[in-house]
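Right, one structure below, let's go through it.
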Amino acid sequence: QPAASASLPKFKVPLPMSPQEKLVQVRDLAIKHGLNLDQACLKGLARLPFFKAKDMIDEVLLGGKDRAGVRNPSKYLMIGCQKMTGGLGVEQGLAMELAVSLGVVLNNDALDELASIPRRDSHAIIRELAVNPEACGDPLEFICTEVLKCRAQLDARPWPPSG
């Protein structure tokens with residue numbers, strides 16, 4: 001047994017970045033470059049992988065595709081986000097599939113939140129919504145609250161797990 005536990009990594013695997021953390025990261029990058037982007041634009045950029053959002057912001061700074069300047073950076077970036085958004089990620093797709101099978105309707109914001117925690121926990125939250133939708137109130141608010149609780153518990157766990 002000791003040999004098996006010795007081969008386990010001794011570092012903590014970080015949780016995926018939450019949607020709010022990604023939004024702050026993108027906002028900070030835009031501000032650093034002097035771009036005052038509206039909230040809808042920031043939200044769209046936060047849905048993309050960070051390297052793609054950074055590339056799009058760099059493109060705006062260089063003057064757009066034809067390098068002639070961009071009059072409305074928020075609109076330019078929103079159009080770019082709409083072109084790049086290719087659907088749901090793997091975790092969002094799995095959560096959507098479970099939700100649909102249980103009769104729970106979720107929007108992209110809820111799916112993004114659920115994708116930022118382990119699958120077992122996100123599926124438990126969806127099942128709770130399916131069993132007791134009235135007690136949960138607003139589904140998105142319930143999901144955000146439960147995801148925050150889950151992330152707090154995961155951050156508080158000692159690593160490596162004992163057992």
Side-chain angles (χ1 to χ4, degrees), residues 12-61 64-65 70-157:
K12 189 172 183 177
V13 178
L15 288 170
M17 193 176 284
S18 74
Q20 293 84 7
E21 292 167 333
K22 281 181 76 177
L23 189 111
V24 169
Q25 188 181 29
V26 170
R27 186 197 66 212
D28 290 347
L29 178 68
I31 290 171
K32 177 181 155 189
H33 291 296
L35 293 175
N36 185 18
L37 303 175
D38 63 32
Q39 194 64 24
C41 176
L42 290 171
K43 198 171 184 180
L45 287 169
R47 287 184 186 275
L48 301 174
F50 182 71
F51 74 94
K52 287 185 180 181
K54 184 180 182 318
D55 288 348
M56 290 178 65
I57 288 172
D58 288 343
E59 184 178 305
V60 166
L61 295 172
K65 287 199 184 290
V70 176
R71 277 192 220 140
N72 186 342
S74 289
K75 185 175 179 182
Y76 182 89
L77 290 169
M78 280 295 296
I79 291 168
C81 288
Q82 289 166 354
K83 288 180 183 175
M84 286 184 129
T85 306
L88 300 173
V90 174
E91 290 301 320
Q92 289 96 332
L94 291 170
M96 176 63 92
E97 189 175 317
L98 176 65
V100 168
S101 72
L102 296 174
V104 176
V105 178
L106 300 176
N107 62 13
N108 284 346
D109 292 334
L111 294 170
D112 288 344
E113 287 289 336
L114 290 168
S116 73
I117 59 174
R119 189 178 302 161
R120 171 180 37 94
D121 299 320
S122 67
H123 286 194
I125 293 170
I126 294 169
R127 287 188 183 94
E128 177 65 28
L129 269 171
V131 170
N132 202 354
E134 297 82 24
C136 298
D138 174 36
L140 180 59
E141 189 176 310
F142 174 76
I143 288 171
C144 290
T145 303
E146 292 299 313
V147 166
L148 283 174
K149 287 180 196 173
C150 179
R151 289 179 72 89
Q153 287 175 349
L154 291 170
D155 286 342
R157 285 188 185 159

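Atoms considered below: every heavy atom in the structure, side chains included; atoms not considered: hydrogens, waters and symmetry mates.
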Side-chain heavy-atom pair L102, L129 within 4.5 angstrom cut-off: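 The answer is no; the side chains never approach within 4.5 Å.
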
K75 side chain reached by V70 side chain, heavy atoms, under 4.5 Å: no

Which residues share a side-chain contact (heavy atoms from CB on, under 4.5 Å) with A124, sequence neighbours left out: none

Residue list, side-chain contact (heavy atoms from CB on, under 4.5 Å) with A99, at least two apart or on another chain: V104, L106, I126

Kindly compute the distance separating [atom1] ([X]) from [atom2] ([Y]), expressed to the nearest 0.5 Å.
X: I143; Y: E128; atom1: CD1; atom2: CD; result: 11.5 Å
X: F50; Y: I57; atom1: CZ; atom2: CD1; result: 7.0 Å
X: C150; Y: E113; atom1: SG; atom2: CD; result: 11.5 Å
X: K149; Y: D121; atom1: NZ; atom2: CG; result: 13.0 Å
X: L111; Y: L140; atom1: CG; atom2: CG; result: 10.0 Å
X: L94; Y: S122; atom1: CG; atom2: OG; result: 8.5 Å

Audit row: L114, Q92, side chain to side chain contact (heavy atoms under 4.5 Å, CB included) steps and yes/no: CA-CA 7 Å; L114 290 168; Q92 289 96 332; over 6 Å; no

Would you give me the side-chain donor-acceptor pairs under 3.5 Å for residues 22-46, sequence neighbours excluded?
{"residue": "K22", "atom": "NZ", "partner": "A46", "partner atom": "O", "Å": "3.0"}
{"residue": "K22", "atom": "NZ", "partner": "L48", "partner atom": "O", "Å": "3.0"}
{"residue": "D38", "atom": "OD1", "partner": "A40", "partner atom": "N", "Å": "3.4"}
{"residue": "D38", "atom": "OD1", "partner": "C41", "partner atom": "N", "Å": "2.8"}
{"residue": "K43", "atom": "NZ", "partner": "D109", "partner atom": "OD2", "Å": "3.0"}

Neighbour count above 12 (heavy atom, 6.0 Å) for Q20 CD: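 Enclosed.
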
Measure across [X] and [Y] and return the closest heavy-atom pair with its distance rounded to 0.1 Å.
X: Y76; Y: K65; value: OH-N, 3.1 Å
X: R151; Y: S116; value: NH1-O, 2.7 Å
X: C81; Y: M56; value: N-CE, 3.4 Å

